[in-house]
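Here's the structure we're looking at; comments come further down.
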Amino acid sequence: MTSDEIQQTASTETVGQQLKKARERHGLSVAQIADAQHLRNGVIQAIENDDHSQIDSELFLKGYVRAYAKQVGLDGDAIIADLNLELEPLRQKKARELEANPLVDIERRKRRKRRVGKLLLLILAVLLVAALVVMFVVPKFSTGDSGASLSTMTAPDERALDADSLGESETLPNLNSDDPEPAVETADASVNNDADQAQAQTENLPATTGAEPEETFAAEAESATSVQSGDIVEDQIPVVAQSTEPALAQPSLTADASPVSGRLEIDFAGDCWVQVQDATGTRLTSSLRRAGEKLEVTGEAPLTVVIGAVNTVKAMRFQGESVDIGDFPVENNRAEFTLTI
């Protein structure tokens, strides 16, 4: 029999039949094969009978078959290839039995539930982290810009109000300054003219006999002065009466007190828009102050102060004395008040 005929015959036989014929050709018994592999005789007989279900693990079965083929002089790889073809129907049968097993279906459902539970836990953890970021991290970044945004929103209205008040303050001094000056100049001119006339008359008085020259001159000068002072008073009355607004002109004649200067100091703990205006309507400052800066202004009292962010004022002093900003009305963190001496 040629090698091709042997190979064709071997391919038509099962793995168990090939191993059994090879064992018989070598004159070996089942017990001798089993002893060589330290196996029971029943395992060798199951392999020769192609009863693969008697061996639990496919891995062990391939190991036993490979050692058996080597012992009887057969090609182990070719025998294993034939064994894989024989085991394929058995594998499919086991797979169908496994699918039909209710315990397997329950285990599969348990695994699916575990995967879904892990996914839900991951989603909850991500949502929790996002909530913590929104609650604690975002407010820290937004509070630093609140003062600046508030001052930016309120600045246009405040500037419009300040412009109106400045226009009114500039109009009132002009009204006051137009009328008193002519009256004052007229009164001063009349007083000077009367004084010159009195001096001229005193110099032209004749010398009196029977009295001492110095005493006579003093008496005449005194009488002339008293007469001229009466004339001065009479002359002043029509001058004051001719003024269009005597009520405004009279205080200008008597008022000689200089304006009082007020000094304001403010320390800031955050960004704040501030404006300070003195009694004459002059705007001493109107700007945005940063945290840590100090404002020092001096102007004619009273001072009108506008604070854009009250909570950023660390300390405030007027004329060297501490001022509590809580004593003034505050609306939307904004305060407007007047400081007087």
Side-chain angles (χ1 to χ4, degrees), residues 1-138 140-141:
M1 182 180 292
T2 61
S3 60
D4 294 337
E5 292 176 352
I6 295 174
Q7 184 176 2
Q8 184 176 2
T9 303
S11 62
T12 58
E13 295 177 348
T14 63
V15 172
Q17 292 174 356
Q18 295 179 33
L19 293 175
K20 183 177 180 180
K21 288 182 177 181
R23 175 179 63 80
E24 292 176 350
R25 284 197 302 267
H26 287 79
L28 299 175
S29 63
V30 173
Q32 290 176 340
I33 299 296
D35 292 341
Q37 298 189 36
H38 305 286
L39 297 175
R40 293 180 291 105
N41 295 340
V43 174
I44 301 301
Q45 290 176 355
I47 292 175
E48 292 180 352
N49 296 331
D50 296 320
D51 189 6
H52 306 308
S53 60
Q54 297 295 326
I55 302 173
D56 298 333
S57 174
E58 182 178 332
L59 180 63
F60 291 160
L61 174 61
K62 289 181 179 181
Y64 300 156
V65 170
R66 186 180 293 275
Y68 193 170
K70 184 178 180 181
Q71 188 175 359
V72 296
L74 296 178
D75 186 4
D77 295 335
I79 294 297
I80 294 298
D82 295 338
L83 181 61
N84 285 326
L85 295 176
E86 295 178 6
L87 290 177
E88 186 62 27
L90 183 62
R91 293 170 184 159
Q92 294 178 359
K93 181 181 178 181
K94 288 184 177 181
R96 287 192 299 268
E97 292 176 354
L98 188 62
E99 290 293 333
N101 190 353
L103 296 177
V104 174
D105 186 55
I106 293 173
E107 185 64 25
R108 186 183 301 110
R109 291 179 181 178
K110 289 182 179 179
R111 288 197 298 267
R112 186 182 299 112
K113 289 181 180 179
R114 284 196 292 266
R115 287 195 297 267
V116 173
K118 291 180 180 179
L119 182 59
L120 290 177
L121 288 177
L122 180 60
I123 294 174
L124 290 176
V126 172
L127 292 177
L128 180 60
V129 172
L132 292 176
V133 170
V134 172
M135 292 176 60
F136 298 101
V137 178
V138 174
K140 292 183 180 179
F141 289 99

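Heads up: numbering here begins at 1 and tracks the sequence.
Separation of atoms OH (Tyr68) and CG (Leu28) is listed at 8.0 Å; rounding is to 0.5 Å. Note that CD of Gln71 and CD1 of Ile44 are 7.5 Å apart. Values are rounded to the nearest 0.5 Å. To the nearest 0.5 Å, the span separating CG on Asp50 from NZ on Lys20 amounts to 10.5 Å. With values rounded to the nearest 0.5 angstrom, Arg112 atom CZ is found 6.5 Å from Arg115 atom CZ. Interatomic distance, Ile79 CD1 to Gln18 CD, rounded to the nearest 0.5 Å: 4.0 Å. Within the model, atoms CG of Leu128 and CD1 of Ile123 stand 13.5 Å from one another, a figure rounded to the nearest 0.5 Å.
Counting only heavy atoms from C-beta outward, the side chains of Asp82 and Glu13 never approach each other to under 4.5 Å. Proximity of Leu87 to Leu61: side-chain heavy atoms (C-beta onward) are separated by under 4.5 Å at one or more points. Contact annotation: the side chain of Val72 never approaches that of Arg25 to less than 4.5 Å [non-hydrogen atoms, C-beta and beyond].
In summary, Glu88 and Arg91 engage in a salt bridge, as defined by a charged side-chain N under 4.0 Å from a carboxylate O.
Looking only at atom types and distance, the side chain of Asn84 has a donor-acceptor partner in the side chain of Lys62 under 3.5 Å away.
Sorted pairs that involve residues 33-43 and meet side chain to side chain donor-acceptor pair (under 3.5 Å), not counting sequence neighbours, are lacking altogether.
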- Task: Please test Arg23 against Val30 for side-chain contact (heavy atoms from CB on, under 4.5 Å), starting from the C-alpha separation and ending with a verdict.
- Result: CA-CA 8 Å; Arg23 175 179 63 80; Val30 173; 3.8 Å; yes

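The minimum heavy-atom distance linking Ala69 with Gly76 is given by the pair CB-CA, 4.3 Å. Pairing each heavy atom of Glu86 with each of Val15, the nearest pair is OE2-N, 2.9 Å.
For Asp75, there are no side-chain hydrogen bond (donor to acceptor under 3.5 Å, both in side chains) partners, not counting sequence neighbours. Applying the salt bridge (Lys or Arg N to Asp or Glu O under 4.0 Å) rule to Glu107 yields the partners Arg114; only residues at least two apart in sequence or on another chain are considered.
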